[in-house]
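Take a look at the structure below.
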Amino acid sequence: MDKLLISMEGIEKSFPGVKALDQCRFELRAGEVHALVGENGAGKSTMMKVLSGIYAKDAGHIYYKGQEVDISTPRAAQDLGISIIHQELNLMPHLTLAQNIFIGREPRRGMPFLLDEATLNQQTAELFASMHLKLDPQTRVSNLTIAKQQMVEIAKALSFNSEVLIMDEPTAALTETEIEDLFQFIRDLRARGAGIIYISHRLEELQQISDRVTVMRDGHYIDTVTTNEVTTDQIISMMVGRTIYEATPELPDEPTTEVVLEVKNLNQGTALQDINFQLKKGEILGFAGLMGAGRTEVARAIFGADPVDSGAIYIRGQKAEVHSPQQAVWHGIGYLSEDRKRYGLALGLEVKENVAMAALDKFLGFLGWVNKSQIRSTAQYHIDELGIKTPSAEQKVKNLSGGNQQKVVIGKWLTADTDILIFDEPTRGIDVGAKSEIYKLLNELAKQGKSIIMISSELPEILRMSHRVIVMCEGRITGELPIEEATQEKIMTLATARKAIVNDSSPATPAVTA
Amino acid sequence: MEFKTQLKTLFNSDASQKILAFAGLIVMFVVFSLASPNFFQFSNIVGILLATAVNGVLALGVTFVIITGGIDLSVGTVMTLSAVMTGVFITNLGLPIPVGVLGGLLTGGFAGWVNGTVISKMRVPPFVTTLGMLYVAKGLALVISGLKPIYFSDNPGFTKIAMGDIAGIPYAVIIFFGAAIVASIILNKTILGRYTFALGSNEEATRLSGVNTDKWKTAVYALAGLYSGLAGVLIASRLNSAQPALGAGYELDAIAAVVIGGTSLSGGEGTILGTVIGAFIISVLTNGLRILSVPQEWQIVVTGGILIVAVYADMLRRRQS
């Protein structure tokens with residue numbers, strides 16, 4: 001059990017202008033899950049990229065099973081049996097699952113350059129079977145959901161017979177059940193004597209899965225502790241170097257009774273069936289459910305991004321025609337996508353340009369001339385108001401942290417005078433400190449009378465933030481819970497209430513057409 | 001179950017685009033045949049096949065490059081340079097024809113290798129690199145030939161390479177089909193083909209999987225160069241001379257054929273059969289419009305229109321699926 005697999009000592013790494021790692025160390029024993037935590041920019045990912053041969057270290061030593069090794073390419077790491085599952089999925093969407101898993105080591109047929117597709121698919125099928133995954137090796141990756149793609153990444157890593165498996169935020173895109181499956185894999189691997197390095201922002205997971213925790217901060221090694229000897233709060237204070245309020249949920253003020261948005265009988269193929277709900281002024285309405293339950297589809301339908309088969313939307317009692325995002329914005333609806341880098345921001349543009357983007361016509365003067373100083377002052381107003389940490393309104397958005405990028409998106413929708421805001425996974429990929437700031441901001445917005453729909457896969461987030469929780473499963477609303485009655489267990493029960501076992505007693509469940 | 005999976009794979013593949021393009025080709029054939037009795041004649045069909053051969057061979061190589069998400073603008077003038085070098089080897093140096101042909105092929109392959117090396121090692125964008133190579137090859141062809149065509153009159157066997165025939169079908173056409181089959185095998189059955197798709201789909205992921213992406217990218221451009229070399233030999237043989245001023249503009253026809261054939265300019269998708277159909281669409285169109293006495297200027301306009309319509313149709317299909 002105590003055999004040392006990996007030992008990293010005195011690791012240094014600099015990028016132009018930043019010292020990313022300063023005298024960092026890390027060790028991993030066989031048969032342990034070792035969590036690596038720290039805020040964004042603490043150097044966790046950099047450290048692991050050094051270990052997996054993606055970055056070359058500037059100084060320091062890496063020992064593998066007691067021998068000093070030189071890991072200068074991803075291939076060298078793989079050959080040693082060190083595999084990494086990256087935070088951003090690294091798959092080739094146009095290739096099949098089998099082709100992805102065996103990329104770089106395809107079985108050959110006789111001649112060294114001829115592919116043996118049959119063996120490739122066969123081996124992949126065996127691999128999936130051993131993992132109890134029901135996937136067709138010949139499906140294209142682009143046809144899979146993010147969660148399934150994640151599983152393919154894990155299958156790929158396991159196929160190397162790796163003794164060291166590095167997982168960078170593996171649960172970020174997974175639902176609770178999928179996380180449980182993943183943890184079971186991890187425990188099996190651990191039992192077989194593999195060492196697993198586990199990077200995560202979800203500190204509540206550490207107690208469940210990790211044996212030891214190493215904390216990093218600002219490119220420095222802080223400490224390594226045994227997980228069951230510390231509390232989550234102690235880990236947090238090591239991470240941030242100060243004590244911040246974290247687990248104390250503040251119950252938001254009660255919303256008013258004024259209905260701002262009402263959705264009636266929304267249908268969209270099999271994706272959405274008979275969706276009915278109301279959103280009140282000043283309310284945060286949580287949308288819970290498993291991945292693929294149809295929560296994002298509801299948001300996109302309301303926002304006019306996808307066409308629907310039938311259904312009506314009423315805004316402040318008036319029937320509203322929303323067939324395009326443009327009309328949605330005109331009605332005061334803003335949508336903050338779960339993938340803000342792709343759909344929410346122009347990363348190469350400045351903060352002020354992003355803030356003005358959804359409402360550029362407000363800044364147009366004579367002959368379509370853009371009033372730049374007005375944009376600047378509006379942007380500065382939101383920077384101050386939302387507490388966006390940026391050197392100036394002219395900073396490019398790509399240089400901001402995840403939490404601050406999210407605030408820029410919020411600023412954008414506030415500029416557009418939207419008062420119904422749909423947040424899709426508002427804190428995905430955002431670190432602990434920034435998360436609580438986003439929460440504060442959401443409460444603040446609700447207090448100001450904005451109405452918020454918050455889609456989230458993190459149950460603690462749903463329970464902490466919402467006035468009311470709507471749970472979806474397979475394109476239908478399976479239940480609605482006032483926050484006083486909502487518990488993780490109740491939500492999960494509703495989120496897995498498949499058609500045959502729908503519980504009709506829940507108050508807002510619409511009549512289900514069998 | 002097995003069949004259903006296959007059917008699904010087929011539908012998800014680019015097969016439906018090929019069917020669309022192929023249907024377009026058939027429609028053109030029918031329309032031109034009805035419009036003019038001169039169109040559906042053996043001699044005219046052979047003419048179309050022959051006209052397709054050179055552009056088609058170029059397009060085969062370009063297909064690989066475009067699937068990686070790159071572009072090769074140099075294939076036209078590299079073809080010319082290869083033709084000139086073939087002339088130098090055979091006519092000026094008096095080397096045997098097979099040696100000269102090999103020299104021509106390797107000239108193209110070398111130019112492609114240079115493209116690939118500059119792109120992968122020096123990280124110059126493919127557009128710029130191959131635009132540079134377009135000029136370099138064009139200039140070299142003029143310098144080496146001394147601005148004059150090189151004739152193969154002393155080697156009557158050379159012209160047979162393209163213009164010899166089996167049952168009236170010129171060798172050039174047979175070589176084109178052979179080259180297409182080889183290209184299809186490389187793309188679908190070999191490791192080079194697999195990495196061609198992988199590079200175009202997600203280059204960083206491919207690199208992080210331990211694949212030497214620089215090496216394989218260079219190989220793809222070298223392969224495109226080899227196909228340009230083959231086109232150079234074919235055009236020299238067909239014209240019985242190496243014309244140093246020819247070649248500019250061929251790269252655009254080749255790219256057009258690839259795109260009409262359904263290969264995505266953003267990489268990761270494409271087929272050889274599609275490219276072959278695309279090349280035929282262009283030459284059938286040109287030929288048919290000429291038979292209908294449409295002025296040449298207008299033929300060019302129509303070709304451009306077809307290009308846009310073809311890509312639009314493809315995008316409609318993608319949006320639906």
Side-chain angles (χ1 to χ4, degrees), chain A residues 49 52-55 71 73-80 82-86 88-118 120-121 125 135-143 149 152-153 156-157 159-160 168, chain B residues 1-15 66-69 182 184-216 219-220 223 262-271 318-321:
Chain A
K49 282 180 175 169
S52 54
I54 296 162
Y55 290 155
I71 304 174
T73 62
R75 196 42 167 285
Q78 283 174 2
D79 290 345
L80 285 173
I82 301 173
S83 282
I84 183 164
I85 298 166
H86 295 274
E88 283 96 26
L89 292 175
N90 269 290
L91 296 169
M92 283 67 75
H94 299 90
L95 303 192
T96 68
L97 307 190
Q99 291 169 352
N100 264 282
I101 286 172
F102 285 96
I103 186 87
R105 53 207 171 103
E106 293 81 356
R108 314 296 164 86
R109 192 164 49 189
M111 278 173 281
F113 51 84
L114 268 189
L115 295 166
D116 185 349
E117 209 71 6
L120 182 77
N121 290 326
L135 290 172
D136 175 5
Q138 298 189 55
T139 317
R140 278 199 194 196
V141 165
S142 54
N143 294 337
Q149 291 185 18
V152 173
E153 280 265 32
K156 181 177 169 184
S159 72
F160 281 97
D168 194 349
Chain B
M1 180 65 198
E2 179 65 11
F3 177 71
K4 217 172 149 185
T5 324
Q6 280 176 352
L7 208 71
K8 218 164 95 186
T9 322
L10 184 79
F11 192 77
N12 288 338
S13 76
D14 311 299
I66 291 182
I67 293 174
T68 67
V182 170
S184 187
I185 290 171
I186 294 176
L187 191 60
N188 296 310
K189 302 284 177 198
T190 74
I191 200 89
L192 175 59
R194 176 62 41 81
Y195 294 155
T196 301
F197 283 110
L199 281 169
S201 191
N202 187 341
E203 182 173 343
E204 181 64 4
T206 311
R207 190 179 72 83
L208 293 180
S209 302
V211 175
N212 186 341
T213 46
D214 288 356
K215 183 177 95 178
W216 291 103
V220 166
L223 183 67
T263 296
S264 160
L265 275 175
S266 48
E269 288 186 78
T271 58
R318 268 171 230 264
R319 257 177 248 163
Q320 273 170 2
S321 65

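None of these values were measured; they are calculated from a predicted model. So that the names make sense, note that chain A is the first sequence line, chain B the second, and so on, each numbered from 1.
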Can you tell me how far apart CD1 (I191(B)) and CH2 (W216(B)) are? Round to the nearest 0.5 Å. 6.0 Å

Side chain / backbone / both / neither for I101(A) at chain B, heavy atoms under 4.5 Å: neither

Residue, of L115(A), N90(A), L95(A), I84(A), that accumulates the most heavy atom pairs under 4.5 Å with chain B: L115(A)

Can you tell me which residue pairs pass the salt bridge (charged side-chain N to carboxylate O under 4.0 Å, His left out) test with a partner in residues 89-116 of chain A, sequence neighbours excluded? none

Quick test of your reading of the model: are K156(A) and E153(A) salt-bridged, counting only N-O distances below 4.0 Å? no

Which residues pass the side-chain contact (heavy atoms from CB on, under 4.5 Å) test with A157(A), not counting sequence neighbours? S83(A), I85(A), L165(A)

Residue among T206(B), N202(B), L199(B) with most heavy-atom pairs under 4.5 Å to chain A: N202(B)

Side chain, backbone, both or neither: which part of I103(A) has a non-hydrogen atom closer than 4.5 Å to chain B? both

